[in-house]
Protein chains: 2
Amino acid sequence: MTRSADAPGRRATILDVAAAAGVSRQTVTRAMNDMPGISAATRERVQKCAVELGYSPSRFAKGLVQGARTSVGLAIPDLTNPYFPAFASSVVEAATQRGWNVVVDDYGHGTGSGLDAVSRLAPQVDALIGYLGEHAAEAQSLMGSRPVVGLDCPGGSSAGSIGFDYPYAAGLALDHLASTGRHKVAFLDSDQGGPAGSRGAAVAAAAAAAGIPLARIHASPSATAARDAIGGLLEKEPGLDALLAFNDVMAAGVLKALHSAGRSVPGDCAVIGMDGIPLGELLTPELTTLALDLRAVGRAAVDLVEALLSGAVEPGSPAASLTLRHELIVRQSA
Amino acid sequence: MTRSADAPGRRATILDVAAAAGVSRQTVTRAMNDMPGISAATRERVQKCAVELGYSPSRFAKGLVQGARTSVGLAIPDLTNPYFPAFASSVVEAATQRGWNVVVDDYGHGTGSGLDAVSRLAPQVDALIGYLGEHAAEAQSLMGSRPVVGLDCPGGSSAGSIGFDYPYAAGLALDHLASTGRHKVAFLDSDQGGPAGSRGAAVAAAAAAAGIPLARIHASPSATAARDAIGGLLEKEPGLDALLAFNDVMAAGVLKALHSAGRSVPGDCAVIGMDGIPLGELLTPELTTLALDLRAVGRAAVDLVEALLSGAVEPGSPAASLTLRHELIVRQSA
DNA sequence: CCGTACTACGTGAACGTTCACGAATCTCAA
DNA sequence: TTGAGATTCGTGAACGTTCACGTAGTACGG
């Protein structure tokens, strides 16, 4: 049946159903929610009327009286970059286990920054998880006192934060490169800043510590941009024998560039990616990468939200700030 | 009049703020929503009180009185399969443009079927978009008279449906294979059924039409499963010179299997994927694939939801049923 | 001094649902 | 016949916000 159109556009309410079935509100409630204290006959009659009128209860009225079912917002730069869905998937899983639901906003397309996503999300959710970059403070103010968990954000400007130990990760990578006899390394950074270039800084420090000269270039964080950026670099730096990329997607572009330049990987040049997305295994050669346990990241974010919501953890306190570590997965490319 | 805000778990309401600022509800509303008719001094005082009390307006009360901001549910099998985030991204984009928001449920992890996702989503959204498989009818009944747009579902059991012209796509692929002189083709299908094996059936028909013998095998739709499945096939079918995969992810696994078996692509064996996800370009060799315009798919789904919500299109009518076509993108692998 | 127009603020009502009761009606044994 | 208990159903209240008014106060021109 289509929607009953005596008042077109208007949604049927519980009272319409009650009138149609010749009963009261409460009886309709009982019928719809399978509550006891109602005869089988009336239950069926009411349900039939509800279907005919196209009635479905207002989630607002329900939420108002029953207390909110918590829903968390997830602000993500770009669902097209495989890292983020992998992360989102683990957030959705952890949230679903708690009976929460997840409202996703992807601010990659269009011109909007993360703040637009947050302002869209803010009136709709009880908590926020997101890659907020340097906008974490503004995001927190948009959310008022509701928990905000920022990932990879500089400083502790949001209620909770999850960071990554880049010095540690960079150390892993450069130790590995040094121990396999690489002499000249380049780091292909993202030009989007990210958390104030902390990855680049960590890599630079680690390279210095390992005594390996480091070239640094920038490109927008996509495979094609990375491929194009590498082209010029290879001519300018002939001695290059290792490439570290900002993330796995850029590393994929690097692999393509090296392939078309006729350089063998890892023979002529080693390549290491970052983040550990499943894509890495599918590339040729398979990508050596600094991997995150992606499920752990999502779980940690949701755990933190739960702790903040329940008050078990004080916003901004040390307990609300986690640091996760990458792990070096050695495959074929380095 | 003054409510005790000392009850610790209780959220602050507009009345708490009003009492703290010594004004009425309505003045708080005016201050929070930047409405006219309030002096700058009181506005600031009220806003300060709101921040101090950690007040944020109840989205339920707001929605109840102001009329719903429409939110659509997106039920997706597996965010880990790159196809779905690519699709989700375009849905989120189209929905955001309309001021809607998107609640995502990923039912891939855990044991739950798509129906669990729908039942979680149903009380939270005004419309549903999803890969519902054969559960489209049940999904529709869970959603009552609210619009449901099922993708790739058999039959017209939901209000709206978006299908794909598999015979056409399979024709494209097999014509291309035939015209490049392939003699023996295998189709690696998903064992998840999908829409009753319609991809496999279409490929079989097209192969018959092209006069090319076809072998069919099945595997779960992941790259590793595909790789493992191909291993055996290559020994059993030595004459095989072309492989068509259920989707691009499986095609990636196929490429790996061929590579480790020492078969060159496309020299010894051509490979064609399906769906056209960005991943394909990053593989070696780059994947020839039957591509969907993924942004168009998301846009079509959201357009259809809008038409159903507004009543411009009758649920279940021919206008509510779209068919999209794949396009053959020839890259290196075939 | 009056009336008019404007500013700043407050009060009843409504949104649609569930909760906590209370009021019928029916059953059945003493 | 009666009264207790179970079954079935209905009524006020409440959730937290905004809308449509209403009402003071203030400014200003006549």
Contacting residues from residues 20-33 of chain A, given that a heavy atom lies under 4.0 angstrom of DNA chain C: A:R25, A:Q26, A:T29, A:N33

Residues B:R59 and A:D126 bridged, charged N to O under 4.0 Å: yes

Of C:dT17, D:dT18, D:dC9, the nucleotide closest to the side chain of A:T42 is D:dC9

Could you please spell out the steps behind the side chain to side chain contact (heavy atoms under 4.5 Å, CB included) verdict for B:L74 and B:F87? CA-CA 10 Å; B:L74 187 57; B:F87 166 65; 3.9 Å; yes

Expected output: side-chain A:R146 to main-chain A:A122 donor-acceptor under 3.5 Å: yes

If only side-chain N and O atoms count, and only distance matters, is there a donor-acceptor pair under 3.5 Å linking B:S158 with B:S161? no

Nearest to the side chain of A:K62, heavy atoms from C-beta on, is which of C:dG16, D:dT17, C:dT18? C:dT18

Approximate separation, where rounding is to 0.5 Å, of B:R45 CZ and B:I38 CD1: 8.5 Å

Position toward the 5' end of DNA chain C (nearest nucleotide), A:Y55 or B:A40: B:A40

Provide, to the nearest angstrom, the distance between the CZ atom belonging to A:R59 and the C1' atom belonging to D:dC15. 17 Å

Closer than 3.5 angstrom, by distance alone: can the side chain of A:R69 be matched with the main-chain N or O of A:N101 as a donor-acceptor pair? no

Calculate the interatomic distance between A:R11 atom CZ and C:dG16 atom C1'; express it in whole Å. 10 Å

